[in-house]
Amino acid sequence: MRKFLIHLHLTIMTKINLLGYTLSELEQLMIDMGEKKFRGGQLFKWLYRDHQTEFELMTDFSKELRKKLDDKFEFKTPDLLQTQVSEDGTQKFLFNLADNLPVETVLIPDFGSERKTVCISSQVGCAVGCKFCATGQMGYKRDLTAGEIIGQLVYLREEFGLDSFSNVVMMGMGEPLANYDNVVKAVELMIAPTGMMLSRKKVTISTSGYSPKIKKLADSGLNICLAISLHAATQEKREKIMPIAETFKLDKMMQTVRYYADKTRTQVMFEYIIFEDFNDKMEDVLALAKLVRGLSCKINLLAYNKVEGLDYKRPSDEKMHWFGGQLAPRVPVVTVRKSRGRDIDAACGQLAAKQKLGSKIDV
Ligand code: SAH
Ligand code: SF4
């Protein structure tokens, strides 16, 4: 008896995700579809300003165009896998990227003010390998695309509305300046006047000190805020905790930071984690004050957040207070930043996406 083999051909149409497309890319897309260029601008507003992701509801397009768009494209943020809320109101979001890698975003409400800061990631893991940081310990997996970076913000606005955050800091997982092109593209989307409309003053990039890219950012014209993870005020001490200091030396880095401040006319912020018995003495106060002399800047002191398996020690509140008190008269501005979300591992340097992917919890 003859057997017939039936081959079933399934054609699966995967739609192209427009998340991360810039205004000029959307204009080009419309031109390629035989439409006028300005249609790209209309689409840009729908997607990034109005958070309308249903092409059928884009009322200033013809029915035909809406159908064509819907057939080919989508605008989709990464899948949310888990959320955790800290007792202080800080919220952590764990996203699952298309290739099943995890990435984390932290939303930090500031009680008593309108300010809500969202801390976004720029890479999965980090290659810089600072010795005290949980993200550094997980190693580098890959860069996020511009779509995946901006997607963290688009997700929050789609879910919780336009006021879900007021300030953006790139202090999540990864070294933003090691993923320069995607980060810059994402920043352009954040500040686009017909898009997400964030003020440049409310967007901060934090870097461990990639001098050449700090220079490039200064020359880019973006004029956003810059935070430098300093943590030690001498070359010798910095090298002990941050391997990047061997490549980009402290004196050169400081020259570039001064260049950034001059060029962009912004006040640079230095982050200085205090580690008990490492950088917490009077000599450190004096070295720090000397390093920033003459520079319009702000120094943000943070207490080290304990990372499992690492030997660094968290200083006492008294020590933080003492250090801040000694530094204050010697530099323009000092603030002591409160750790937020420590109970859910959402505080600075604790992001390591420890949760197992594949199981949905708490969403
Ligand atoms: N890679 C960038 C941005 C992400 S890290 C950078 O290093 O600047 C965000 C901030 O958290 C940095 O200042 C970083 O040094 C700090 N940090 C890392 N581990 C920490 C920890 N365990 N406790 C407190 N701050 C930490
Ligand atoms: Fe990377 Fe920043 Fe952590 Fe250093 S502190 S390992 S640069 S994420």
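For ligands, and for the atoms within them, numbers begin at 1 and follow the listed sequence. Hydrogens, waters and symmetry mates are skipped; everything else that's a heavy atom, side chains included, is used. Since the model is a prediction, treat every value here as computed from it, not as a measurement.
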Inset, instruction - Check the pair Thr204, Leu226 against side chain to side chain contact (heavy atoms under 4.5 Å, CB included), reporting the backbone distance first and the verdict last. - result: CA-CA 6 Å; Thr204 301; Leu226 180 70; over 6 Å; no

Inset, instruction - For Ser229 and ligand 2, answer yes if some heavy atom of the residue is under 4.0 Å from a ligand atom, otherwise no. - result: no

Legend entry - Between Tyr259 and Asp219, a side-chain donor and acceptor under 3.5 Å: yes

Legend entry - Residue among Lys313, Lys319, Arg314 satisfying salt bridge (charged side-chain N to carboxylate O under 4.0 Å, His left out) with Asp277: Lys313

Legend entry - Selection from Cys126, Ser229, Ala134 by shortest heavy-atom distance to atom 8 (O) of ligand 1: Ser229

Inset, instruction - With heavy atoms under 4.0 Å as the rule, classify the contact between Met170 and ligand 1 as side chain, backbone, both or neither. - result: backbone

Legend entry - Test log, rule side-chain hydrogen bond (donor to acceptor under 3.5 Å, both in side chains), inputs Asn300 and Glu271: CA-CA 5 Å; Asn300 213 332; Glu271 290 159 275; 6.0 Å; no

Legend entry - Within-cut-off N or O pair, Gly174 and ligand 1, under 3.5 Å: yes

Legend entry - Spatial distance of atom SG (Cys133) from atom CG (Leu310) [nearest 0.5 Å]: 9.0 Å

Inset, instruction - Establish, from distance only, whether the side-chain atoms of Glu104 and Ser121 form a donor-acceptor pair under 3.5 Å. - result: no

Legend entry - Electrostatic pair Asp71:Lys67 at N-O distance under 4.0 angstrom: yes

Inset, instruction - Please check if any side-chain donor atom of Arg238 sits under 3.5 Å from a side-chain acceptor atom of Gln235, or the reverse. - result: no

Legend entry - Ion pair check, Lys45 and Asp50, cut-off under 4.0 Å: no

Inset, instruction - Identify, for atom 3 (Fe) of ligand 2, the protein heavy atom at the shortest distance, and state residue, atom and that distance. - result: Cys133 SG, 2.4 Å

Legend entry - Sole candidate of Ile150, Leu80, Asp79 that passes side chain to side chain contact (heavy atoms under 4.5 Å, CB included) when paired with Tyr155: Leu80

Inset, instruction - Check each heavy atom of Phe132 against ligand 1 and say whether those closer than 4.0 Å belong to the side chain, the backbone, both or neither. - result: both

Inset, instruction - Do me a favour and list the nearest non-hydrogen protein atom to atom 4 (Fe) of ligand 2 with residue, atom name and distance? - result: Cys130 SG, 2.4 Å

Inset, instruction - Could you tell me which atoms of ligand 2, counted from 1 in the order shown, lie closer than 4.0 angstrom to a heavy atom of Gly129? - result: 6 (S)

Inset, instruction - May I ask you to list the atoms of ligand 1 that are less than 4.0 angstrom from any heavy atom of Cys133? - result: 18 (C), 19 (N)

Inset, instruction - Can you establish whether the number of heavy atoms outside Asp163 located under 6.0 Å from its atom CG is more than 12? - result: no

Inset, instruction - For ligand 1, indicate whether the residue Val128 contacts it via side chain, backbone, both or neither (heavy-atom separation under 4.0 Å). - result: neither

Inset, instruction - May I ask whether atom 7 (S) of ligand 2 is less than 4.0 Å from at least one protein heavy atom? - result: yes

Inset, instruction - Name the closest protein heavy atom to atom 23 (N) of ligand 1, giving the residue it belongs to and the distance to 0.1 Å. - result: Asn305 N, 2.9 Å

Legend entry - Protein contact to atom 18 (C) of ligand 1 [nearest heavy atom, distance to 0.1 Å]: Gly349 CA, 3.3 Å

Inset, instruction - Record the part of Ile273 in heavy-atom contact with ligand 1 below 4.0 Å; permitted values are side chain, backbone, both and neither. - result: side chain

Inset, instruction - For Gly172, take its heavy atoms, then give the atoms of ligand 1 lying under 4.0 Å from any of them. - result: 4 (C)

Legend entry - Plane angle bin for Phe275 and His231 - parallel if under 30°, tilted between 30 and 60°, otherwise perpendicular: perpendicular

Inset, instruction - Please check if any side-chain donor atom of Ser166 sits under 3.5 Å from a side-chain acceptor atom of Glu114, or the reverse. - result: no

Inset, instruction - Specify the protein heavy atom at minimum distance from atom 2 (Fe) of ligand 2: its residue, its atom name, and the distance to 0.1 Å. - result: Gly174 O, 4.5 Å

Inset, instruction - Heavy-atom contacts with Ser208 under 4.0 Å: which atoms of ligand 2 show up? List them by number with element. - result: 7 (S)

Inset, instruction - Can you pull out the closest protein heavy atom to atom 21 (C) of ligand 1? Residue, atom name and distance to 0.1 Å, please. - result: Cys348 O, 3.3 Å

Legend entry - Whether Phe44 and Tyr48 hold their rings parallel, tilted or perpendicular, with breakpoints at 30° and 60°: tilted

Legend entry - Atoms in ligand 1 with a heavy atom of His231 nearer than 4.0 Å: 13 (O), 14 (C), 15 (O)

Legend entry - ligand 1-proximal atoms of Met171, by part, heavy-atom distance under 4.0 Å: both

Legend entry - Carboxylate-amine/guanidinium contact Lys185 Glu25, below 4.0 Å: yes

Inset, instruction - Run the numbers for me: atoms of ligand 1, each under 4.0 Å from some heavy atom of Thr207, listed by number. - result: 6 (C), 8 (O)

Inset, instruction - Enumerate the atoms of ligand 2 whose separation from the nearest heavy atom of Gly136 is less than 4.0 angstrom. - result: 6 (S)

Inset, instruction - Pull out every atom of ligand 1 sitting under 4.0 Å from any heavy atom of Val307, numbered as shown with elements. - result: 22 (N)

Legend entry - Nearest-neighbour protein heavy atom for atom 2 (C) of ligand 1, which is reported as residue plus atom name and distance: Ser206 O, 3.4 Å

Inset, instruction - Check whether any N, O or S atom of Cys126 sits under 2.8 Å from atom 1 (Fe) of ligand 2. - result: yes

